[in-house]
There are 4 protein chains.
Amino acid sequence: METVGQVTERSDKREAILAAALELFAHKGFYGTVMPEVAERAGVGAGTIYRYFENKEALVNALYRHWKSIWLETLMKNYPHEAPPEERFKVFWNRATRFVRDYPLAFKFLELHHHAPYLDEASRALHEKGCEAGRVFFEEAERLRITKAYPPELMRAMTWGMLVGLVKANQTGGLELTDAVLQQAERCCWDAIRS
Amino acid sequence: METVGQVTERSDKREAILAAALELFAHKGFYGTVMPEVAERAGVGAGTIYRYFENKEALVNALYRHWKSIWLETLMKNYPHEAPPEERFKVFWNRATRFVRDYPLAFKFLELHHHAPYLDEASRALHEKGCEAGRVFFEEAERLRITKAYPPELMRAMTWGMLVGLVKANQTGGLELTDAVLQQAERCCWDAIRS
Amino acid sequence: METVGQVTERSDKREAILAAALELFAHKGFYGTVMPEVAERAGVGAGTIYRYFENKEALVNALYRHWKSIWLETLMKNYPHEAPPEERFKVFWNRATRFVRDYPLAFKFLELHHHAPYLDEASRALHEKGCEAGRVFFEEAERLRITKAYPPELMRAMTWGMLVGLVKANQTGGLELTDAVLQQAERCCWDAIRS
Amino acid sequence: METVGQVTERSDKREAILAAALELFAHKGFYGTVMPEVAERAGVGAGTIYRYFENKEALVNALYRHWKSIWLETLMKNYPHEAPPEERFKVFWNRATRFVRDYPLAFKFLELHHHAPYLDEASRALHEKGCEAGRVFFEEAERLRITKAYPPELMRAMTWGMLVGLVKANQTGGLELTDAVLQQAERCCWDAIRS
DNA sequence: CATGAATGAGTTTTCATTCAT
DNA sequence: GATGAATGAAAACTCATTCAT
């Protein structure tokens, strides 16, 4: 029981640090965030962070991978590979907006750090994997004449851009992400890409 | 001619600092950029920056206002206020993409720094002015049943998001912004918003 | 004992910084003293000073208040308010010269920094409190015809001046502050002010 | 005439620099004063100072010697070496207070810098010369049983201290140096030293 | 294991001095 | 000679990281 307790506590601290880091990195960026503040917000000593993460870069990479994995899993779990593109887009949009609404900070954090110089290869690979999935989708949808016959990367970029635009408008306080708004946004997005 | 030479050289130095700062702030962000690097890239001494800008914050604000003004002017000069929304959208899109293609770094810089805590009131006001113009456009276009009857802020957010998505795809190397691509993007964007 | 040890050591560091700052500020003034030198003389890292004092100004103010408080306490503790002025002057003179002999550097530091632009309100108030006490003494002594019927501020200024003159002569090496000399000085001072 | 004009102008600039430096050094000290401010207040270019003074140290030394010479001349010109000490003291006191009243800033500057590390040998020698004259006076006055049989350096220190105390009280705004006050001060001072 | 005081390398910023005009 | 823009060495201060407790 002691061991369990310790393990739990150990995990708790790691989670607390990741949670604190998420908030600070999302709001102030990597260089704008100072480690003692992460520690304070996590309720641990400054030195404790270094028991769980080798240094600041390792922390941001762990955080990135943590949320990027959740993001990819959210989008991909039980993905209806065989369904028609239109339906698959709906699934994608619903899952993406659900994530965005549940974890707005995590989405902001990911979006802010995608091409940061302090991300390592593994983190970058994870990102590229997601992009690639998007392009594959648009290649197939185009072949089926469902979406416009434009470069897949263009389609992916614009779809992604709309999602990001939505989140930013939400975060600057100008747009509440109600179900109605999310459906309207989906309609816009689909209109943008459908043939 | 000597006088002209002096004046030019003086301007050149300020301009060189702004150009260097643009590149570094766009790539590494505000906190990730160190002043001696700005100086070195500008080809001036470290102290020289402080003859032209009171401190790092003043520099980033001057840079923001500089490019935001050019951006707003690019979009608004001789704007055909009386033309039908569809045509005005074309004008907006063409001007925006021209700016994006001519000054991709400036666009990235602006996009990266909206809402940053080190921007002062004047800089923020300039940004809000642009957003407001967007919303006004969509309000009117909606009244004329040209665009979807959705919240103007949603429409603005998604339009803006597509532009940003385009730029990011371009900068990560996956998408060249040829005339054809830009026209395709315009088509997507218009389809997204039209009723 | 361990706890005591820690507390002591913590206090020791702050104390060491104050001691180093006293010596340097007294000898070289505020602007002539550089923080790394304070750190080195205190035997701590440069950054450590900033754990105890917010900045250089906070350090000089803390130091000023520290010694000014000791000075005021030295003069005022168990002050014989009811004794005749002549005796009270003796008490004042003895206490002042004792302080001057025990802490010559502190006296020099205080004298050098009265009215400095970097002293804050609290520090200045402490100084004014001492001056006021001096004037009150001379007002009363004058009413009793013990001292000259001259402006109290003049009397205070000259008494204070003699003390300062004594310390300066001592510090430039020309005058040792033996008991005999201090008594002679007291005699001079009393002759100067008595009616 | 051109040459004369130039020479005059040259002198004017040097004077202007010395005047500006006096005010700034007296108020803010050596390290607290920055050269461009001296130049601005003198109404000359920053580089111009270096045509007249090799560097900041040379400037402060020139200024010190300038005023110390005037001070010594003021006290010593037509000095009544043969008059009785009491009268000589009167002369000294009157001349000193006249200087103090005419050039309070210069007196403050001299007093502030007497033992500064950036003063060179020549400047220090000038100071020592004045001190020596004071001691000689008290030695003789003591031999004649006019003043107290105390160490001359003590007498000098206290006399000097009273003068400085007077000036400081005046500069902090608490004491106006009217003729009456100066005479009262003289009386105090003489009472302090006379046997 | 956990801590947080301590560190010093690295940052922003200042300023005495130079030198092209 | 006079200037003041330019400089870079040195200042104040910050912060990622360590290590004694």
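Reminder, nothing fancy here: chain letters follow the sequence lines and each chain counts from 1. Please read all numbers here as calculations on a predicted model, not as lab measurements.
Listed in residue order, the members of residues 20-38 of chain A having a heavy atom less than 4.0 Å from DNA chain F are A/T33, A/V34, A/M35, A/P36. Of the residues in residues 53-60 of chain D, those placing a heavy atom less than 4.0 Å from an atom of DNA chain E are D/N55, D/K56, in numerical order.
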Before you tell me yes or no, could you show the steps for D/Y64 and D/F25 under side-chain contact (heavy atoms from CB on, under 4.5 Å), namely the whole-Å CA-CA distance, both residues' side-chain angles and the distance that decides it to 0.1 Å? CA-CA 10 Å; D/Y64 185 89; D/F25 285 148; over 6 Å; no
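Ranking E/dC1, E/dG4, F/dA2 by closeness to the D/T48 side chain, first place goes to F/dA2. Of all nucleotides listed (F/dT18, F/dA5, F/dA2), F/dT18 comes nearest to the side chain of A/Y50.
Between the OH atom of C/Y118 and the C1' atom of F/dA12 there is a distance of 16 Å, given to the nearest Å. We find that CG of C/D12 is positioned 16 Å from P of E/dA5, with the value rounded to whole Å. Distance NZ (B/K13) to C1' (E/dA20): 11 Å, rounded to an integer number of Å. At whole-Å resolution of the value, CD1 in C/I49 and C1' in E/dT7 are 12 Å apart. If you take CD of D/E40 and P of F/dA2, they are 19 Å apart, rounded to a whole angstrom.
Going from atom CD1 of B/I17 over to atom CG of B/L22 covers 13.5 Å, rounded to the nearest 0.5 Å.
In this structure, the side chains of B/W67 and B/L63 come closer than 4.5 Å at one or more pairs of heavy atoms. With contacts defined as side-chain heavy-atom distances shorter than 4.5 Å, the pair A/E111/B/K168 qualifies. The shortest distance between side-chain heavy atoms of A/H115 and A/R124 does not fall below 4.5 Å. Counting only heavy atoms from C-beta outward, the side chains of B/K56 and B/Y118 never approach each other to under 4.5 Å.
Donor-acceptor pairing under 3.5 Å is recorded for the side chains of D/K68 and D/H114.
In this structure B/W71 satisfies the ring-ring contact (aromatic ring centres under 6.0 Å, His included) test together with B/F99, B/F107, B/W160, sequence neighbours excluded. In this structure A/A62 satisfies the side chain to side chain contact (heavy atoms under 4.5 Å, CB included) test together with A/R14, A/F53, sequence neighbours excluded. In this structure, the side chain to side chain contact (heavy atoms under 4.5 Å, CB included) partners of C/H66, at least two apart in sequence or on a different chain, are C/I70.
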Given the rule that a pair is Watson-Crick or G-U wobble with both distances under 3.5 Å, how would you write DNA chain F in dot-bracket, using | for pairs to a different strand? .||||||||||||||||||||
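Side-chain nitrogen and oxygen atoms of B/R51 include at least one within less than 4.0 Å of the OP1 or OP2 phosphate oxygen of F/dA5.
The backbone N or O of A/G43 sits nowhere less than 3.5 Å from a side-chain atom of A/K13 that would complete a donor-acceptor pair.
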